[in-house]
Every structure is written in C-alpha cells, then in structure tokens.
Amino acid sequence: MSVVTIERKVLQKNDELAQQNRSLFAQNGVFVINLVSSPGSGKTSLLERTLDHLNGKINVAVVEGDVQTDLDAQRVAKFGVPVVQIVTNGACHLEAKLVQDAIANIDLKGVELLVIENVGNLVCPAGYDLGEAMKVVIASTTEGDDKPLKYPAMFRNASVLIINKIDLVPYVNCNLEVLKKNAFQINPNLTVFETSCTIPTGVGTGIVEWSNWLLNKTRNS
Ligand code: MG
Ligand code: ZN
C-alpha cells in the first residue's frame, strides 16, 4: 500500500468524524469556528479580546489545541467560559477525533458559539476538517505579506482573514495592500478584518468590527 493511499484513508476517516461533529453542533445550534495561523500570530490574544467584547451578549465555549501546556486554556478560562485543552503531545494539527473527545466535556446545550483554537501551523490544519462552520485564518504583519502565496491551501479553505498586529506596520516589512492582494488572488471570497490586540479596544483596532460580525454570523446561523 502506498503512502498516498494511507494518507487518503486517514483523511477519509477524519472527514467522517468531522461530519459527526457537524451534526452534533447542528442539533445543539452551535456555530463553530476553527481558528488557524502560524505560531505567535495572536490567536489567543484575538480570542481574549473577542471574548471580552462578546461577554454578556452570547454564550461561548472554547477548545484549545496546543502541542504542549495548558497556558492558553488558563488565559481563556479567566473570561469565565467553558474551556477544554487538547494537548497533542507533538502532533502539529487538531483532528476531528480529538475535538469529538474534547466536546464530550462541554454541555453544548446553551452554547451558541464554539471557538476551536488550532495548533499554530499554516500547513496541515488546512486539510483537517473538524466539523466547523468556517476556518478563520490569522496572518500577522510580522510574518510579512507573502504568506497567502506560500501556504495557499490554508487561505483557500478559510472564509475569514484577520490581519493582526496592524499597529506594527510601521516597523515591519509588510505592505497591507500587497498582503490583501495576495490573499484575494488565492481566495477572492475572503472576508477581511484588520486588528490590533495590544492597543485599547475602540475605533481602529478592528476588534469591535470583527466581534460584531462574528456575533451576527452566530445569531443568524
Ligand atoms: Mg494560542
Ligand atoms: Zn500536522
């Protein structure tokens, strides 16, 4: 049996489990996003700011995926939302089975939005359906403006692009217009937000715009 055949079988099995997750989410009326990016682009920081904004408006639960540690889950738990940490012990992406086991620890009744923070990696999370409604990819300005061209599968499979760390644009080698052009070249249907998680929430940080968009998506799903 060739390696390619084995890989196809693994992905097939994953897709079956992802569909089971999707059915479970639908039964419970849960809107699910799969947050993906390279390490250090600000997934957890964005999640903290988003939870802060959505607090009191909607019931959110979180699944955290990390190679090691529950540091991110501890950060998220401070917002008073149910959070389950998946430690992959070295594996570089989440799979539908891991998510299935994780959500068994959450009472999905009453949850309106589930955020799955994937392992920081722009490669294989693109190929693993977890049962989410959409993938949200974060590209931070510190990574430059060429990532959509170098990791096209991730940007092609995402519905939303969040360009984070816009406050650092004057200091880094990243042209926002070029980044957006590259992203739209791969996926013209992307909805784009520009955010900063380090300057206070308000006009120009993008957090309010993104959070309100997510709120509407969740309520209308
Ligand atoms: Mg994180
Ligand atoms: Zn992987």
Side-chain angles (χ1 to χ4, degrees), residues 3-4 6-15 17-18 21 32-54 60-103 106 113-132 134-143 147 150-158 160-165 168 193 195-198 206-207 210-211 214:
V3 172
V4 173
I6 294 169
E7 190 181 301
R8 195 164 58 225
K9 282 200 165 167
V10 168
L11 285 173
Q12 232 164 41
K13 182 68 190 161
N14 183 75
D15 284 347
L17 293 169
N21 291 351
V32 184
I33 64 168
N34 180 359
L35 204 51
V36 291
S37 79
S38 57
S41 56
K43 289 185 297 304
T44 313
S45 296
L46 183 88
L47 184 50
E48 288 176 309
R49 302 302 293 269
T50 306
L51 290 172
D52 190 35
H53 187 78
L54 295 180
V60 188
V62 176
V63 170
E64 277 291 337
D66 277 292
V67 171
Q68 273 308 333
T69 81
D70 65 351
L71 294 171
D72 285 356
Q74 290 179 36
R75 285 170 63 183
V76 168
K78 290 187 181 135
F79 291 83
V81 299
V83 53
V84 179
Q85 176 78 52
I86 299 172
V87 175
T88 65
N89 282 314
C92 49
H93 58 269
L94 291 182
E95 297 185 12
K97 176 73 173 90
L98 291 171
V99 171
Q100 200 162 74
D101 293 345
I103 56 178
I106 299 174
L113 171 67
L114 176 70
V115 180
I116 303 171
E117 182 184 332
N118 216 312
V119 177
N121 176 358
L122 278 178
V123 186
C124 27
Y128 284 85
D129 183 9
L130 305 177
E132 72 273 8
M134 59 172 65
K135 287 185 174 69
V136 175
V137 62
I138 301 180
S140 64
T141 59
T142 50
E143 298 163 66
K147 291 301 168 288
K150 295 176 90 169
Y151 303 96
M154 187 61 92
F155 289 82
R156 196 175 299 122
N157 292 348
V160 177
L161 164 63
I162 294 180
I163 302 174
N164 194 29
K165 307 189 188 180
L168 297 182
F193 296 93
T195 60
S196 166
C197 297
T198 54
I207 300 295
W210 148 249
S211 299
L214 182 59

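All values below were derived from every heavy atom in this structure, side-chain atoms included, with hydrogens, water molecules and symmetry-related copies excluded. We count ligands from 1, going down the list as the structure has it; atoms in each ligand are counted the same way.
The Mg ion (ligand 1) lies closest to atom OE2 when only the N/O/S atoms of E117 are considered. Within D72, the N, O or S atom at minimum distance from the Mg ion (ligand 1) carries the name OD2.
Residue F79 holds its CZ atom at 8.0 Å from CG of L47, rounded to the nearest 0.5 Å.
V36 places none of its side-chain heavy atoms less than 4.5 Å from the side chain of N121. Between V81 and V115 there is no side-chain heavy-atom pair separated by less than 4.5 Å.
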Set out, in order, the CA-CA distance, both residues' side-chain angles and the distance that settles side-chain contact (heavy atoms from CB on, under 4.5 Å) for K97 and N14, then state yes or no. CA-CA 7 Å; K97 176 73 173 90; N14 183 75; over 6 Å; no
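Using a 30° and 60° split on the angle between ring planes, W210 and F193 fall in the perpendicular class, above 60°.
Rounded to 10°, the angle formed at the Zn ion (ligand 2) by C92 SG and H93 ND1 is 130°.
Residue D66 does not count as close to the Mg ion (ligand 1), with no N, O or S atom under 2.8 Å. Residue contacts to the Mg ion (ligand 1): E64 brings no N, O or S atom closer than 2.8 Å.
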